[in-house]
**Q** 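Okay, here's the structure, questions in a sec.
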Amino acid sequence: MDESAPRQERLVFAGLVGGAQVLGLASVVLTAVWMGHYRGGFSWDGSSFQFNVHPLCMVLGLVFLQGDAILVYRVFRNEAKRNVKILHGIIHLLALVVSIVGIVAVFDFHRAAKIPDMYSLHSWCGMLTIILFCVQWVMGLMFFLFPVASSWLRASYLPVHVFCGLVLVVMSIGTSLLGITEKLLFSIMPTYSTFPAEGVLANVLGLVLVLFGVVLCYLITREEFRRPPNPEEESLSVHFKTLTEGGTPNSP
């Protein structure tokens, strides 16, 4: 964060970012413990152990990594903007790859177990989320990292891109909560009311996911945490517009 900001504001910001990281990592660890300890572990043999790869990859990719990709613009406020854009795109790409592994794992498991695909609300929401995530990533490449659109169009699309990114995080967390609910209903529902350890862990995971989303949304939407304008980058942007659109150095 900018060193000129009040010390108290910088401490609050650092605490919120640290808290988001703790909550995000905790959600991944809790998912790994749930699937590894209570559901038997992980494998890639078409068994239920392969299914366990799915929730771990989705929480790691679409929740934790996607959240971190968005936060880079808040954490690296004073770094060169192009470098931050590249980091933003790379983390999103990693999140996409991990999520695709999770999707392949569950489809392979369904095929081996002769279970129909795409029958639940969780699967519908999950597929919609991953499709929109892919579209958002491609649009980000075209508009910002390797811009093919005019500066006016990029400026017009930026608020839409930011809004869609936040919506995708909310959709990812909501889909994860649906998955947790379905897992509880199909696996431990008969003993759920007796507070089994597995059920308590699943409940805690759900709360951690919600808290992660709340902290992330707060950091993204607070005006004082936004990246400050950089006169040098704005100057470069004006000259880029001059070269590509035939304006003058003083044109808006």
Side-chain angles (χ1 to χ4, degrees), residues 24-69 90-138 168-210 212-213:
L25 286 171
S27 66
V28 175
V29 171
L30 286 171
T31 305
V33 171
W34 185 12
M35 296 298 110
H37 180 69
Y38 290 102
R39 296 287 106 190
F42 306 92
S43 70
W44 200 276
D45 57 3
S47 68
S48 60
F49 303 139
Q50 179 171 332
F51 172 85
N52 294 342
V53 175
H54 172 73
L56 180 61
C57 285
M58 305 318 285
V59 170
L60 174 59
L62 284 185
V63 177
F64 180 56
L65 289 177
Q66 184 181 192
D68 270 7
I90 289 174
I91 298 176
H92 265 129
L93 177 60
L94 183 59
L96 179 60
V97 170
V98 171
S99 302
I100 289 174
V101 171
I103 289 175
V104 172
V106 75
F107 274 98
D108 272 0
F109 163 71
H110 282 178
R111 184 162 50 250
K114 295 181 172 50
I115 297 174
D117 295 319
M118 304 298 298
Y119 62 86
S120 65
L121 178 60
H122 168 70
S123 61
W124 290 12
C125 291
M127 189 56 65
L128 178 62
T129 301
I130 197 69
I131 290 172
L132 293 177
F133 185 92
C134 292
V135 172
Q136 171 87 338
W137 188 75
V138 172
L168 280 170
V169 171
V170 173
M171 288 178 66
S172 299
I173 292 174
T175 303
S176 297
L177 293 175
L178 279 173
I180 291 171
T181 302
E182 286 186 6
K183 193 67 175 176
L184 293 175
L185 286 174
F186 289 125
S187 60
I188 64 171
M189 192 59 186
T191 62
Y192 192 32
S193 61
T194 63
F195 294 97
E198 182 180 356
V200 172
L201 184 143
N203 289 348
V204 172
L205 172 58
L207 289 175
V208 169
L209 287 170
V210 171
F212 177 72

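By convention here, the first residue in the shown sequence is residue 1.
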**Q** If you take all heavy atoms of G46 and A112, which pair is closest and at what distance?
**A** O-CB, 3.5 Å
**Q** Do any side-chain atoms of residues 196-209 form donor-acceptor pairs under 3.5 angstrom with protein atoms, and if so which ones, sequence neighbours left out?
**A**
from	atom 1	to	atom 2	distance (Å)
E198	OE1	R39	NH2	2.9
E198	OE2	W34	NE1	2.8
E198	OE2	R39	NE	2.9
E198	OE2	R39	NH2	3.0
N203	OD1	Y192	OH	2.6

**Q** Can you name the closest pair of heavy atoms from G67 and F212 and give their distance?
**A**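 Result for this residue pair: CA-CZ, 4.2 Å.
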**Q** If you look at every heavy atom in L96 and C134, which pair is closest and at what distance?
**A** CD1-SG, 3.5 Å
**Q** Does anything in residues 101-127 form a salt bridge (Lys or Arg N to Asp or Glu O under 4.0 Å)? List the pairs, not counting sequence neighbours.
**A** D108-R111
**Q** Taking everything shown except M189 itself, do over 12 heavy atoms lie less than 6.0 Å from its CE?
**A** no
**Q** Please determine whether the number of non-hydrogen atoms from other residues, nucleotides or ligands lying under 6.0 Å from atom CH2 of W124 exceeds 12.
**A**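 Incorrect, the count does not exceed 12.
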**Q** Hey, could you give me each pair passing ring pair (Phe, Tyr, Trp, His ring centres under 6.0 Å) that has a residue in residues 92-112? Not counting sequence neighbours.
**A**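 Non-adjacent pairs meeting ring pair (Phe, Tyr, Trp, His ring centres under 6.0 Å): F51-F109, H88-H92, H92-F133.
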**Q** Quick one: CD1 on I91 to CG on L94, what's the gap to the nearest 0.5 Å?
**A**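 Between atom CD1 of I91 and atom CG of L94 there are 8.0 Å.
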**Q** How long is the gap from CD1 on I100 to CE on M58, to the nearest 0.5 Å?
**A** 9.0 Å
**Q** Any pair with a residue in residues 50-67 that passes salt bridge (Lys or Arg N to Asp or Glu O under 4.0 Å), sequence neighbours left out, goes on the list, sorted by first then second residue, please.
**A**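 For residues 50-67, and leaving out neighbouring residues, there are no salt bridge (Lys or Arg N to Asp or Glu O under 4.0 Å) pairs at all.
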**Q** Minimum heavy-atom separation for I130 to I103, with atom names?
**A** CG1-CD1, 3.6 Å
**Q** Which pairs with one or both residues in residues 171-188 pass salt bridge (Lys or Arg N to Asp or Glu O under 4.0 Å), sequence neighbours excluded?
**A**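 Sorted result for residues 171-188: empty, none.
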**Q** Over all heavy atoms of both residues, which pair between F42 and V53 is shortest? Give the atoms and the distance, please.
**A**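 Closest pair (atom of F42, atom of V53, distance): CD2-N, 3.9 Å.
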**Q** If you take all heavy atoms of C57 and G102, which pair is closest and at what distance?
**A** CB-CA, 3.6 Å
**Q** Give a yes or no answer on whether the side chain of S120 reaches the backbone of S123 with a donor-acceptor pair at less than 3.5 Å.
**A**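 The answer is yes, because a donor-acceptor pair under 3.5 Å joins these two groups.
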**Q** Identify every side-chain donor-acceptor pair in residues 169-181 under 3.5 Å, counting partners at least two apart or on other chains, and give the distances.
**A**
from	atom 1	to	atom 2	distance (Å)
S172	OG	L62	O	3.4
S172	OG	Q66	NE2	3.3
S172	OG	L168	O	2.7
T175	OG1	M171	O	2.8
S176	OG	S172	O	2.9
T181	OG1	L177	O	2.9

**Q** Can you tell me which residue pairs pass the side chain to side chain donor-acceptor pair (under 3.5 Å) test with a partner in residues 49-60, sequence neighbours excluded?
**A**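 Residue pairs with at least one partner in residues 49-60: there are none.
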